[in-house]
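Just follow the structure's listing: the first ligand is 1, and inside any ligand the first atom is 1.
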Amino acid sequence: MPTPAPVILLGIESSCDETAAAVLVDGRVLSNVVAGQAVHAQWGGVVPELAGRAHQENIVPVVHQALQEAGVSPRDLSAVAFTQGPGLIGALLVGSCFARSMAHALGKPLIAVDHLKAHALAHFIEDGQQRPKPTFPFLNLTVSGGHTQFVVVRSATDMEVIGSTQDDAAGEAFDKGAKLLGLTYPGGPLVDKLAQQGDASRHVLTLPTMPGLQMSFSGLKTAFLHLVQRGTQVDPAFKSTEQAHLCAALQEAIVRILVKKTRTAVDLTCITQVAVSGGVSANSGLRAALADEAAERGWQLFVPPLAYCTDNGAMIAMAGHFMLATGQVAALDVVPKARLS
Ligand code: KG4
Ligand code: ZN
């Protein structure tokens, strides 16, 4: 029997503040290019208008670089996958218009990917490293700047959200806490770094009590604000002298909420293959705490390499690969959506 032709996917991501493109052949990464947007740092958060403009500037060079690094000509592609949503509409429009035009011009299938499902499929990206992959069904904790949710992943195309945050996302709690300390956006990675030099027990933050798999992070943000305000009243230099300890306390609180809820999710679903993905899964404290918990409770834990935790084109191409295999091809007039459900 002749060997089947390789499936070559271009994945384009533009939902927030990263313009990213990647080429995967049969799920294996040939290139993964991410252009961040430094323009938001001075504003303490993503400015949608500026994000859209930066995507417009970046999209052509980023896709070009991804194809070039992969040594793939556009004509060799099996399909073009892009992020349909959720995300900032002006940002999504850039990626979707580009992907639609490209698929149309090349006469290739177009695949409209759900960004959150793609995060949950990041575990399947092949990058040459020997890493165990989850089997279906598995439980995925998707923790990003905009979402925090538990998902039962029954197959690559069948997923059910069984619990989520009722207000802010975990990434927002990191970013807003960091902003309060005068750290630049995105604050998550900076809090992570500083927390490693801090003592989490010096400042205690009360954790919210939420039923079942519901989560909340906005109360934590307020508690952190009050903690910083109280400290600053006593010592005007509190923020800087206590910076590392405050970061450690904030991170500890977020991680404790996530780990506790993961325990609940495992108990409720009886699924012990636990996976975590999304930007916050890059957090060293969360990775360590989940690894300890998994070892203690006999779970199998799956955490993607850092490059596939935060937004990237490889996860979009990976999701596109699965969707193409099941014939989930979009019409050329498909539109992006800020919310998908
Ligand atoms: O998945 P992602 O790249 O974009 C969204 O889909 O939102 O997640 C971005 C979020 C930001 O809030 C960022 O601060 C957070 O992930 N993040 C981290 C770390 N790296 C990124 N949070 C904590 N620790 C990190 N190391
Ligand atoms: Zn994301």
Gly171 heavy atoms within 4.0 Å reach ligand 1 at atoms 12 (O)
among protein heavy atoms, the one nearest atom 12 (O) of ligand 1 is Asp175 OD2, 2.6 Å
Just to confirm my output: which protein heavy-atom neighbour is closest to atom 20 (N) of ligand 1, and how far is it? Gly279 O, 3.4 Å
Without hydrogens or angle criteria, can the side chains of Asn140 and His119 be said to hold a donor-acceptor pair below 3.5 Å? no
His119 heavy atoms, cut-off 4.0 Å: which ligand 1 atoms fall inside? 1 (O), 6 (O)
For the 3.5 Å polar cut-off, considering only N or O atoms, please tell me whether Pro186 and ligand 1 meet it. no
From Leu116, Asp311, Val143, Asn283 - option closest to atom 23 (C) of ligand 1 by heavy atom: Asn283
Near the Zn ion (ligand 2) (protein N/O/S, cut-off 2.8 Å, waters excluded) we have His115 NE2, His119 NE2, Asp311 OD1
Just by distance, with hydrogens left out, do His321 and Asp26 show a side-chain donor and acceptor under 3.5 Å apart? no
Any salt bridge between Arg53 and Glu49, counting N to O under 4.0 Å? yes
Answer yes or no: does an N/O atom from Glu172 fall short of 3.5 Å to an N/O atom of ligand 1? no
Side-chain donor-acceptor pair under 3.5 Å between Asp114 and Gln84, yes or no? no
Of all the atoms in ligand 1, which lie at a distance below 4.0 Å from a heavy atom belonging to Thr310? 3 (O), 21 (C)
Side-chain heavy-atom pair Tyr185, Gln37 within 4.5 angstrom cut-off: no
Flag for Thr241-Gln243: side-chain donor and acceptor within less than 3.5 Å: no
Mind running ring-ring contact (aromatic ring centres under 6.0 Å, His included) on Phe138 and Phe150 for me, showing each step along the way? CA-CA 10 Å; Phe138 67 91; Phe150 286 100; over 10 Å; no
For Gly146, state whether at least one heavy atom is located under 4.0 Å from any atom of ligand 1. yes
With heavy-atom distances below 4.0 Å as the criterion, list the atoms of ligand 1 near Asp192. 24 (N), 25 (C), 26 (N)
Between Phe174 and Phe224, is the ring centre distance below 6.0 Å? no
Between Gln196 and Ser284: side-chain donor-acceptor atoms closer than 3.5 Å: yes
shortest atom 7 (O) of ligand 1-to-protein heavy-atom contact is with Gly145 N, 2.8 Å
Other residues, nucleotides, ligands: >12 heavy atoms within 6.0 Å of Lys133 NZ: yes
Do Gln149 and Thr165 meet the criterion of a side-chain donor-acceptor pair at a distance under 3.5 Å? no
Is the closest basic N to carboxylate O distance between Lys176 and Asp168 below 4.0 Å? yes
Taking the six-membered ring where the residue is Trp, are the ring centres of Phe238 and His203 under 6.0 Å apart? yes
Among Lys193, His115, Arg287, closest by any non-hydrogen atom to atom 6 (O) of ligand 1: His115
Take every heavy atom of Gln251, measure it against each atom of ligand 1, and state whether any distance is under 4.0 Å. no
Nearest protein heavy atom with distance in Å, relative to atom 22 (N) of ligand 1: Gly188 CA, 3.4 Å
